[in-house]
Colleague: 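One structure, as structure tokens, below. Some questions next.
Throughout, numbering of the chain's residues begins at 1 and tracks the sequence. All ligand and atom numbering here is 1-based and tracks the order in the structure.
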Amino acid sequence: CAKQEGRGQFRFFEADMDRRMRDFQAMERDLREAIQLNQFELYFQPMVHIASGSISGYEALVRWHHPTRGFVSPADFIPVAEEAGLIHELGSWILDEACRIAMTWPSHIVVSVNISPIQFGGVGLPLAVASALSKSGLPCERLMLEITEGVFLNDSDHTMMILAQLKALGVSFAMDDFGTGYSSLSYIRKFPFDRIKIDQSFLRDLSDNPESLAIVRAVTNLCRDLGMKTTAEGVETIEQVTILQRLGCGYAQGYHFGRPMTASAVLEQLADVAHRPLKVVSSHS
Ligand code: C2E
Ligand code: MG
Ligand code: MG
Ligand code: MG
């Protein structure tokens, strides 16, 4: 009968919750160990100035190589690190490592680091950023922080204070995943971002969805009027690059220009492009 069925469903739900709780605890334990054992590595993805085909910087993307889990995606472990309070320690390591590696690059190349909204809790973030800069010797103009609108969701006084302290350090700011949240527009009025990164979901169907095209065009125009730079994320095809060029979007990032790569691959790429810029659009087009 329906009642028994309901009870069965509930047991199923309970078992599912139990399993998820155990998975979470296991990953939390492994993450703690991973920090001690240095199982993380930063990969870097080029950010490209479309008109010139030159690389303006690289976004640091964290990778976790676990001995038995294998490769774990940041989309899976960052939320656990946030929940377990480990993101502060991991985030500081990411900042240190990103700045240290950026020092091996030519002095016009910027490094962009993703900051979790959870890192804005407490008062440690400005210190972590200042310390990464001073330990590495990286000039503040070469560090960009990527934040999502999640940062603004709670305690906005505290958030604005931390943002002001970060800004005083001279680093620049990108709003990441723009357009995916509820009120992206109100946030760019609250804080002077240097750059907006248009979420890859708008790029995916850029060539056959007039709505996406209109949104990318509008955001690009808005950024120009507000004196911000625009980066399109998730650019995979030559068609998308051509459209972005026509819309006047300044920068792009995505598999078309390069996948996230190791620090040593970055050095090779930089040595390579010193001789010739990246091919932006095919020569016969
Ligand atoms: P995100 O900051 O928006 O990074 C962009 C993601 O899109 C990256 O995934 C990147 O590898 C992927 N991507 C780049 N180009 C393309 C493309 O052309 N096509 C497709 N389909 N994907 C592309 P990844 O590295 O798996 O990172 C996922 C998310 O995890 C990031 O989104 C960011 O929110 C978070 N994350 C990654 N590294 C860090 C980190 O060091 N700290 C923090 N707090 N979060 C991080
Ligand atoms: Mg990002
Ligand atoms: Mg993004
Ligand atoms: Mg994202």
Colleague: Is there a side-chain contact between V62 and I78 in this structure, where contact means two heavy atoms from C-beta onward sitting under 4.5 Å apart?
Modeller: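 With C-beta onward as the side chain, the pair touches.
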Colleague: Can an N, O or S atom be found in D177 less than 2.8 Å away from the Mg ion (ligand 3)?
Modeller: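 Short answer: yes, at least one N, O or S atom is under the cut-off.
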Colleague: Got an N, O or S from E59 under 2.8 Å of the Mg ion (ligand 2)?
Modeller: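 It does; at least one qualifying atom falls short of 2.8 Å.
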Colleague: Can you find a heavy atom in the side chain of W105 that is under 4.5 Å from one in the side chain of L267?
Modeller: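 They are in side-chain contact.
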Colleague: Using the ring of each side chain (for Trp, its six-membered ring), is F173 parallel, tilted or perpendicular to F191, with breaks at 30° and 60°?
Modeller: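 Perpendicular, since the angle between the ring planes exceeds 60°.
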Colleague: Does only the side chain of Q200 get under 4.0 Å from ligand 1, or the backbone, or both, or neither? Count heavy atoms.
Modeller: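 Contact part for Q200 vs ligand 1: side chain (C-beta onward).
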Colleague: Which bit of Q45 gets closer than 4.0 Å to ligand 1, counting heavy atoms only: side chain, backbone, both or neither?
Modeller: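 Only the side chain of Q45 comes within reach of ligand 1.
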Colleague: At a 4.0 Å threshold, what atoms of ligand 1 neighbour a non-hydrogen atom of I94?
Modeller: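 Those qualifying, in numeric order: 40 (C), 41 (O), 42 (N).
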Colleague: I'd like to know if M175 and F120 are part of one continuous hydrophobic network [Ile/Leu/Val/Met/Phe/Trp/Tyr, side-chain heavy atoms within less than 4.5 Å].
Modeller: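 Same hydrophobic cluster.
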Colleague: Any atom of ligand 1 sitting under 4.0 Å from a heavy atom of R259?
Modeller: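 Under 4.0 Å: no for R259.
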Colleague: Please work out whether the ring planes of Y58 and F44 are parallel, tilted or perpendicular, with thresholds of 30° and 60°.
Modeller: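 Ring orientation of Y58 relative to F44: perpendicular.
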Colleague: Looking only at non-hydrogen atoms, which of Q253, Q119, E146, R63 approaches atom 25 (O) of ligand 1 most closely?
Modeller: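 Checking each option, the heavy atom nearest atom 25 (O) of ligand 1 is found in R63.
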Colleague: Hey, is Q240 touching ligand 1 through its side chain, its backbone, both or neither, going by heavy atoms under 4.0 Å?
Modeller: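 For Q240, no heavy atom sits under 4.0 Å from ligand 1.
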Colleague: How wide is the angle at the Mg ion (ligand 2) spanned by N114 OD1 and D176 OD2, rounded to 10 degrees?
Modeller: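 The angle at the Mg ion (ligand 2) comes to 90°, rounded to the nearest 10°.
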Colleague: Treating H66 as the side-chain partner and A34 as the backbone partner, does any N or O pair qualify as donor plus acceptor under 3.5 Å?
Modeller: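 Between the backbone of A34 and the side chain of H66 there is no qualifying donor-acceptor contact (under 3.5 Å).
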Colleague: Compute the shortest N/O to N/O distance between E233 and ligand 1 and return yes if it is under 3.5 Å, no if not.
Modeller: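 Between E233 and ligand 1 (N or O atoms, distance only) the closest approach is under 3.5 Å.
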Colleague: If hydrogens are left out, which of N114, L61, L95 has an atom nearest to atom 43 (C) of ligand 1, that is, the closest non-hydrogen atom?
Modeller: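 Looking at heavy atoms only, the winner is N114.
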Colleague: Under the 3.5 angstrom rule, does the side chain of S92 hit a backbone N or O of H88 as a donor-acceptor pair?
Modeller: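 Between the backbone of H88 and the side chain of S92 there is a qualifying donor-acceptor contact (under 3.5 Å).
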Colleague: At a threshold of 2.8 Å, where the distance has to be below it, does the Mg ion (ligand 3) have an N, O or S atom of D199 nearby?
Modeller: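 Coordinating: no.
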Colleague: Would you check the N or O atoms of Y255, main chain and side chain alike, for any that come under 3.5 Å of an N or O of ligand 1?
Modeller: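 In this structure, Y255 places an N or O atom under 3.5 Å from an N or O of ligand 1.
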Colleague: Restricting to side chain to side chain donor-acceptor pair (under 3.5 Å), what partner residues turn up for S73, sequence neighbours left out?
Modeller: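 Scan of S73 (side chain to side chain donor-acceptor pair (under 3.5 Å), adjacent residues dropped) gives none.
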Colleague: Who passes salt bridge (charged side-chain N to carboxylate O under 4.0 Å, His left out) against E82, sequence neighbours left out?
Modeller: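 With neighbours one apart ignored, the set is empty.
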Colleague: Report the relative orientation of the aromatic rings in F40 and W64; use parallel for angles under 30°, tilted for 30 to 60°, perpendicular for over 60°.
Modeller: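 Judged by the thresholds at 30° and 60°, the geometry between F40 and W64 is tilted.
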Colleague: Heavy-atom pairs closer than 4.0 Å: do any link ligand 1 to the side chain of D177, the backbone, both, or neither?
Modeller: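 The part of D177 near ligand 1 is the side chain, not the backbone.
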Colleague: Using only N, O or S atoms, tell me which atom of E146 is closest to the Mg ion (ligand 2).
Modeller: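 Distance check against the Mg ion (ligand 2) picks out OE1 in E146.
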Colleague: For V62, is at least one N or O under 3.5 Å away from an N or O on ligand 1?
Modeller: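 N/O-N/O distance under 3.5 Å: yes.
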Colleague: Would you say that more than 12 heavy atoms from the other residues, nucleotides or ligands in this model lie under 6.0 Å from the CD of E89, or not?
Modeller: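 Not more than 12 within 6.0 Å, no.
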Colleague: Is K197 touching ligand 1 with its side chain, its backbone, both, or neither, if touching means heavy atoms under 4.0 Å apart?
Modeller: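 The answer is neither.
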Colleague: Taking non-hydrogen atoms only, is D176 closer than 4.0 angstrom to ligand 1 via side chain, backbone, both or neither?
Modeller: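 Side chain only.
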